[in-house]
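Encoded as structure tokens, the structure appears first; notes follow it.
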Amino acid sequence: MTPCATLSQEGGAKIPTDDAIPRALLAWYRRRRRDLPWRRTGDPYAIWVSEVMLQQTQVATVIPYYERWMRLFPTLSALAAAPESRVLKAWEGLGYYARARNLRRAAAQVLREHGGRLPDTAEALRRLPGVGRYTAGAVASIAFGRREPVVDGNVARVLCRLQRLRGNPKTPPLAERLWRIARAWLPPRRAGDFNQALMELGATVCLPRNPLCPACPLRRRCAARARGEERRLPRAPRRKALPHVEGAIGVVRHAGRILIDRRKPEGLLGGLWEFPGGKIEPSETPEACLRRELREELGIEADVLRPLTVLRHAYSHFRVTLHVFECRLRRGHAQPLACAECRWVRPADLRNYAFPAANRSVIALLLGSKQGGGITAPVATPLVHPPRIPMCRQAPARSAAGRRT
DNA sequence: GACACGTGGTT
DNA sequence: TAACCAAGTGT
């Protein structure tokens with residue numbers, strides 16, 4: 001309530017502790033907070049789930065997943081008891097699948113070590129797999145009312161602008177400073193609301209490229225704005241271009257069924273199902289690559305019949321152009337030589353397995369081009385008009401006659 | 001510190 | 001189109 005600002009010395013940097021900023025922010029938040037599903041509950045489990053889903057993922061994307069998840073796994077015990085396949089199916093399409101595997105593992109750990117109640121301190125939460133510094137602070141403050149700060153991408157941007165901090169907020173010196181500021185500004189009570197207010201401001205007003213300063217409750221206290229630098233802060237280093245690889249995958253048919261395999265439990269897309277295939281080696285044709293992969297991974301010989309489509313997909317750290325072929329089993333018995341499991345399934349049963357986004361566009365193509373059985377809206381004819389599937393940009397399909405030079 | 005780890009929206 | 005960004009964590 002002191003009208004004048006004070007300064008605290010922390011790590012050699014002066015941090016203004018004027019409580020006018022927290023107060024203005026909380027007042028703004030009370031009026032402008034969005035009505036989000038996880039803000040309608042006090043259930044620590046539900047809040048934890050929302051925080052994990054929100055890691056590197058936007059609110060609008062998370063909402064439908066969160067709603068469905070809470071119906072499928074309403075309690076921590078329900079999640080701990082669920083098979084991983086079901087958990088991954090519920091996560092399908094959200095990305096960063098280690099989040100789902102860790103959430104389930106952590107639920108089992110809470111059952112074993114904490115009698116089924118989520119720990120109520122940031123320090124204890126931090127020991128759960130998938131709970132880092134941010135998530136521990138978020139759950140501790142929002143679900144348990146603990147006086148713990150959070151710094152996510154939003155908070156970093158807001159603080160860098162308010163304080164006109166140059167440099168990369170992801171590198172330790174500046175990151176530590178941001179955590180100190182976030183802690184110093186924490187009000188005595190309502191830390192959870194304050195943290196959410198900071199993030200809400202970053203997500204709805206203090207936008208990365210085009211900040212809506214006239215709508216900002218802190219515009220008169222923003223050092224970056226005072227200098228007209230709000231659009232240039234914070235500064236992130238240039239991201240290096242993603243490597244590009246080419247791959248071939250096959251829809252292998254036999255006796256009315258299609259062959260799919262489950263990826264190993266860790267690493268990229270761990271535990272998800274996919275159409276078999278792999279990376280094209282230098283000087284190898286896509287067709288030869290696919291025959292080789294089917295031999296090496298599954299121990300089968302197959303005929304590559306025709307190209308189905310070509311699609312491009314961007315993962316977090318590389319891009320891929322995927323050549324998709326229709327194939328037929330020639331001989332051999334499929335075995336999981338380089339994967340966790342393989343299975344011949346009816347096309348209509350593909351919907352029961354968790355696939356990566358790039359594979360889902362292939363499924364849409366398969367089921368959409370047959371009448372009935374489609375999971376989504378009808379899809380254009382393959383090879384003529386590649387389907388416009390929002391999950392995955394389509395590259396021009398090659399004609400059945402041959403490839404372009 | 002650097003890199004692996006998905007996907008979709010925005011500009 | 002391509003880069004950037006998102007309520008980050010684990011190794």
Side-chain angles (χ1 to χ4, degrees), chain A residues 33-34 36-39 47-66 88 91-103 105-106 125-139 141-143 149-158 168-173 175 179 182 192 195-204 206-211 231 234-244 263 266-272 274 312-320 354-361 389-393 395:
Chain A
R33 75 199 289 255
R34 289 170 291 178
L36 304 176
W38 45 89
R39 288 182 177 161
I47 290 166
W48 173 40
V49 168
S50 74
E51 288 301 339
V52 174
M53 286 188 172
L54 286 163
Q55 291 168 6
Q56 298 286 286
T57 310
Q58 296 190 331
V59 164
T61 303
V62 165
I63 289 174
Y65 282 90
Y66 171 83
L88 286 174
W91 203 272
E92 181 185 42
L94 251 194
Y96 287 134
Y97 297 94
R99 293 184 293 174
R101 301 192 301 265
N102 284 335
L103 206 42
R105 272 205 301 146
L125 287 162
R126 189 78 170 70
R127 296 192 201 105
L128 300 173
V131 178
R133 196 175 182 183
Y134 163 79
T135 304
V139 174
S141 64
I142 298 169
V150 299
V151 175
D152 71 335
N154 293 127
V155 176
R157 185 170 57 255
V158 169
N168 180 356
K170 289 191 161 92
T171 58
W179 279 92
N195 288 336
Q196 291 185 82
L198 222 35
M199 294 189 281
E200 190 87 338
L201 188 69
T204 63
C206 195
L207 304 174
R209 304 281 196 83
N210 192 21
R231 286 166 181 273
R235 253 171 46 99
R238 273 263 175 276
R239 205 173 294 190
K240 45 182 166 184
L242 301 180
H244 183 272
R263 296 174 63 88
E266 306 296 328
L268 183 70
L269 307 169
L272 270 66
E274 64 181 5
R312 291 188 299 165
H313 188 79
Y315 292 96
S316 51
H317 54 301
F318 68 95
R319 297 175 190 283
V320 64
F355 285 88
N359 281 253
R360 287 190 58 79
S361 68
I389 297 161
M391 304 282 274
C392 192
R393 280 186 293 279

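For the numbers below, each heavy atom of this structure counts, side chains included, while hydrogens, waters and symmetry mates do not. Fair warning: this is a prediction, and the values are worked out from it, not measured in the lab. Convention: sequence-line order gives letters A, B, ...; per-chain numbering from 1.
- Within the 4.0 angstrom heavy-atom criterion, no nucleotide atom of any strand lies near A:Val150.
- Contact check for A:Thr61 versus A:Leu94: side-chain heavy atoms found under the 4.5 Å cut-off.
- A:Thr61 comes within 4.0 angstrom of nothing in the nucleic acid, heavy atoms only.
- Take the nearest nucleotide of DNA chain B for A:Thr171 and for A:Pro356: the residue whose nucleotide is more 5' is A:Thr171.
- Atom C1' of B:dC5 sits at a distance of 14 Å from the matching atom of C:dA6, rounded to the whole Å.
- Between A:Gly95 and A:Lys170, the residue whose closest nucleotide on DNA chain B is further toward the 5' end is A:Lys170.
- Of the possible donor and acceptor atoms, none in the side chain of A:Arg126 sits under 3.5 Å from a partner among the backbone N and O of A:Ala136.
- Not one side-chain nitrogen or oxygen of A:Lys240 sits closer than 4.0 Å to the OP1 or OP2 atom of C:dA3.
- C:dA6 atom C1' lies 20 Å from atom OH of A:Tyr66, rounded to whole Å.
- In this entry the distance linking CZ of A:Phe355 with P of B:dG6 reads 16 Å, nearest Å.
- For B:dT7, one of the phosphate oxygens OP1 or OP2 lies less than 4.0 angstrom from a side-chain nitrogen or oxygen of A:His313.
- In this structure, A:Phe318 atom CZ and B:dA4 atom C1' are separated by 11 Å, rounded to whole Å.
- Checked against C:dG8, C:dA3, B:dG6, the side chain of A:Arg319 finds its nearest nucleotide in C:dA3.
- If you measure from atom CD1 of A:Ile63 to atom P of C:dA6, you get 18 Å, rounded to the nearest angstrom.
- Rounding to whole angstrom units, CG of residue A:Asp152 and P of C:dC5 are separated by 14 Å.
- Computed from coordinates, the A:Arg231 CZ to C:dC5 P distance equals 14 Å when rounded to whole Å.
- Put simply, CD on A:Glu200 is 15 Å from P on C:dA6, counting in whole angstrom units.
- Residue contacts for A:Arg39: at a heavy-atom cut-off of 4.0 Å it reaches a base atom on one of the strands shown.
- Counting non-hydrogen atoms under 4.0 angstrom, A:Arg157 reaches the backbone sugars and phosphates but no base.
- Proximity note for A:Ala203 (side chain, C-beta onward) versus C:dT9, B:dG6, C:dA7: the nearest is C:dA7.
- Using a 4.0 Å cut-off, some side-chain N or O of A:Tyr97 falls inside it from OP1 or OP2 of B:dT7.
- Nearest nucleotide to the A:Asn102 side chain, out of C:dA7, C:dG10, B:dG6: C:dG10.
- In this structure a side-chain-to-backbone donor-acceptor pair under 3.5 Å is missing from A:Arg99 to A:Gly130.
- Mapping A:Leu242 and A:Gln196 onto DNA chain C via the closest heavy atom, the residue that lands nearer the 5' end is A:Leu242.
- Look at the P atom in both B:dG6 and C:dT1: the space between them is 24 Å, to the nearest Å.
- Of the candidate nucleotides C:dG8, B:dC5, B:dT7, B:dC5 has the atom nearest to the side chain of A:Ser316.
- Nucleic acid contact class of A:Leu36 (heavy atoms, under 4.0 Å, all strands): base.
- Among the atoms of the strands shown, none is found under 4.0 Å from any heavy atom of A:Gly202.
- Both A:Pro234 and A:Arg133 lie near DNA chain C, and the one whose nearest nucleotide falls closer to the 5' end is A:Pro234.
- Distances shown here put a side-chain N or O of A:Arg312 below 4.0 Å from the OP1 or OP2 atom of C:dT1.
- Looking at heavy atoms from C-beta onward, A:Trp48 lies in side-chain contact with A:Leu103 at the 4.5 angstrom threshold.
- Using a 4.0 Å heavy-atom distance criterion, A:Leu94 is classed as a base contact.
- Applying the 3.5 Å distance criterion, the base of C:dG8 shares no donor-acceptor pair with the side chain of A:Thr57.
- Here A:Glu200 does not pair with A:Arg33 in a salt bridge; the nearest charged N to carboxylate O distance is not below 4.0 Å.
- Comparing atom distances between the A:Gln58 side chain and each of B:dG9, B:dG6, C:dG8 picks out B:dG9 as nearest.
- Nucleic acid contact class of A:Trp91 (heavy atoms, under 4.0 Å, all strands): none.
- Nucleotides B:dT11 and C:dA7 are separated by 13 Å at their P atoms, to the nearest Å.
- Within the 4.5 Å cutoff, no side-chain heavy atoms of A:Asn102 are placed close to those of A:Tyr96.
- Between the CG atom of A:Leu103 and the P atom of C:dG10 there is a distance of 12 Å, given to the nearest Å.
- Checked against the 6.0 Å centroid criterion, the rings of A:Tyr315 and A:His317 do not qualify as a close aromatic pair.
- Across all strands shown, A:Thr135 has heavy atoms under 4.0 Å from sugar-phosphate atoms exclusively, and none from any base.
- Contact annotation: A:His317 side-chain N/O to B:dC5 OP1/OP2 distance is under 4.0 Å.
- If you check every strand for non-hydrogen atoms under 4.0 Å, A:Arg34 touches a base.
- Dashed line: the shortest gap from a side-chain N or O of A:Gln56 to OP1 or OP2 of C:dA6 is not under 4.0 Å.
- A 4.5 Å side-chain heavy-atom check between A:Leu88 and A:Arg101 finds at least one atom pair inside the cut-off.
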